[in-house]
There are 2 protein chains.
Amino acid sequence: MAVTLKDIAEKVGVTESTVSRVLNGIPKASKETRKEIFQVAADLGYKPNQIARSLVTKKTHTIGLIISDLANTYFARVASGIENIASKYDYSLIISTTGGQEKEELKYINLLKEKQVDGLLFASGRMPFSCKKLLRETEIPTVVVAREVDEDLPSVHINNVKESYRAVKYLINNGHQKIAMISGNADDKESGLYRIQGYKQALNDNKLEVREELIVEGDFKLQSGIKAVEEILKRDSSITAVFAASDEMGVGAIKAIKKAGLKVPNDISVIGFDNNIISLASDPELATISQPEEELGWRSMEMLYKVIKGEELEEKKIYLPCELKKRGSVRKI
Amino acid sequence: MAVTLKDIAEKVGVTESTVSRVLNGIPKASKETRKEIFQVAADLGYKPNQIARSLVTKKTHTIGLIISDLANTYFARVASGIENIASKYDYSLIISTTGGQEKEELKYINLLKEKQVDGLLFASGRMPFSCKKLLRETEIPTVVVAREVDEDLPSVHINNVKESYRAVKYLINNGHQKIAMISGNADDKESGLYRIQGYKQALNDNKLEVREELIVEGDFKLQSGIKAVEEILKRDSSITAVFAASDEMGVGAIKAIKKAGLKVPNDISVIGFDNNIISLASDPELATISQPEEELGWRSMEMLYKVIKGEELEEKKIYLPCELKKRGSVRKI
DNA sequence: CATTTTTAAACAAACGCTTGACTAATCACA
DNA sequence: TGTGATTAGTCAAGCGTTTGTTTAAAAATG
């Protein structure tokens, strides 16, 4: 049996409340009893039962993270950033993965509520109406990570339209005019739709024609990048640049271009998105937009902490800047 | 205020115990009251307080994962595998990262004990004596992941000596005799020392000389692979193959070899370890030993589940097989 | 119809801790 | 020396559940 306050109390000859207060550093005891209590607690190897404590304090010092997929480096790094700050503030992290499925998201919001988490970080899926509604009902302090959300929920993310625009602008500045895009699924607003929007805007603003047939959809994975480029080259082999909505697809693009007997960047330039380590492994190294995943994580946790503590947020929606990484896969023409 | 059993009980006009039993599916109530209880519970949006429940049942349906680093793809994938199975069994996962630091490990074992987790998965560091001792004292069901451990703790891992041997043997079978190694730090027994051992054994068994100056230590990261190869080539530029203890270092090796004006695999063959996605991004693609990270994760969770349920384990130490991935970075000479 | 069995529910204690209210003894000070 | 503060505690309730025991009523049995 685990040792409890009662055990200590009996051994020292005081009541549980006294022991509790002493152990919590409330100065309502004589030097001697304090000393003895600490002594006995140590001897017995007392470890407070946080469950019991939580029941009365109504704080669990635990926050829930609802996230798409841990095996995905992007999310893993976000999670890592979150965990670091959570631990700094003495919060534990319960991680639940959803695969971006609405059903799972709802399930975990409920579960985490039942587990009485002090706060929730939401980094999954498209946040459908059902989730927002449930979140509102459950009244758990929540911060949304890496997702824009119309609600008044606080959030921290990057501006995908703008950053995507920047990547394409960089290609244009290097003299490229026929630029294809490997997109993600547009159902995913953030990394799908918004990046397409940025691409289109950049072309428009520079009087370049947007040709829908040069936008091929992938699934963010390497293989789909290969497939996409094969398709693009079939449609128009005179393109001089490709913008991929993820580094994996960008690397796939490079591989496919080479396989087609063309050279990167001599014949076709490629730029990716994320700054995944994979971008440095390819040959040539893939130019890309570097996302601050870990910062995304820790900023959201810092934010959540403030919300939990009832502090006022100076900004409710934080946009973190990305960085353009110029690398060998892009050349001036 | 959250709605409790009491609220439902009052509204229906029965006692809390009746409501509790009904909601838990214990058939001790009339059809009508049951129906009414369910109805009222739904109307009020009742969600059981798992903290209160845990206090009495002494089960939290939560398991703790102590892991080195979530930002590291290897561990992230292990964690992902764990989470999938945990969720299948309705267990939540509290994840704590340690950076492999003994102090952090001890801190989290204690913390998780206080949080009354039902079980512990340990995938961090070298598991020093202090940890083993604490684990024994706390008496939480524990499974060790990806670490060999002398104790009688159950564990699931790969056989690093054997798999490393296999990689080197593959090079030897391809006619290579002068094989350098980029190792990890030997303090890390599993992926450091053991892989060096496998390398040496393979050489010995094939009557090849082990030359210590051809073993250069890296830190598993890409950059260190580059550095290591530069050093190796300085020491002996007539080597024909390199075995890297990680894919990142392997890719770094390929980059450095190319930079030195040599060709992979024409001049030097390279093989890595892990089958990280990065191995497919490099040119040529990196041959490697594929580790079953996700399986490592889910097997350990399956194992822990059995321990928690008090079932007998048919094997206490599980070794998972790896797979040799033959790719363009190795050629026959 | 009396007695036993079954059913439907109430009662009460317990899980381990925190915390507000109360008490008795000691101390300080005018 | 009497009054008020302070100190060092105790007492008891409560957090939201579960669960063993008891009770009252209904149903079944002989």
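Computed over heavy atoms, backbone and side chain alike; hydrogens, waters and symmetry mates excluded. Lettering of chains follows the sequences in order, A, B, ..., and the numbering in each one begins at 1.
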Exercise. How are the rings of His157(B) and Tyr319(B) set to each other: parallel, tilted or perpendicular (split at 30° and 60°)?
Worked result: perpendicular
Problem set entry | Under 4.0 angstrom between Lys58(B) side-chain N/O and dG16(C) OP1 or OP2 | yes
Seminar exercise, completed: note: Lys6(B), atom NZ; dT18(D), atom P; distance rounded to Å ~ 16 Å
Exercise. Distance check: side-chain N/O of Asn24(B) vs OP1/OP2 of dT18(D), anything under 4.0 Å?
Worked result: yes
Exercise. Can you name the one residue among Ile66(B), Leu65(B), Leu120(B), Ile95(B) that meets side chain to side chain contact (heavy atoms under 4.5 Å, CB included) with Tyr108(B)?
Worked result: Ile66(B)
Problem set entry | Gap between atoms NZ and P, on Lys31(B) and dT7(C) respectively (whole Å) | 13 Å
Exercise. Rounded to the nearest Å, what distance is computed from the CD1 atom of residue Ile26(B) to the P atom of nucleotide dT7(C)?
Worked result: 16 Å
Seminar exercise, completed: Value for NZ (Lys309(A)) from CD (Glu311(A)), rounded to nearest 0.5 Å, stands at 8.5 Å
Exercise. Has the side chain of Ser80(A) got a donor or acceptor atom that lies under 3.5 Å from a matching backbone atom of Ala76(A)?
Worked result: no
Seminar exercise, completed: Here the residues of residues 11-19 of chain B within 4.0 Å heavy-atom distance, strictly under, of DNA chain D are Glu16(B), Ser17(B)
For this session: Mind calculating the distance between CD1 (Ile51(B)) and P (dT17(D)) to the nearest angstrom?
Result: 11 Å
Exercise. Does the pair Arg147(B)/Asp188(B) count as a salt bridge with the N-to-O cut at 4.0 Å?
Worked result: yes
Exercise. Axis-to-axis angle across the helix from dC1(C)-dG30(D) to dA30(C)-dT1(D), five pairs an end, to 10 degrees?
Worked result: 50°
For this session: Check whether the side chains of Thr18(B) and Thr15(B) place a donor and an acceptor atom closer than 3.5 Å, and report yes or no.
Result: yes
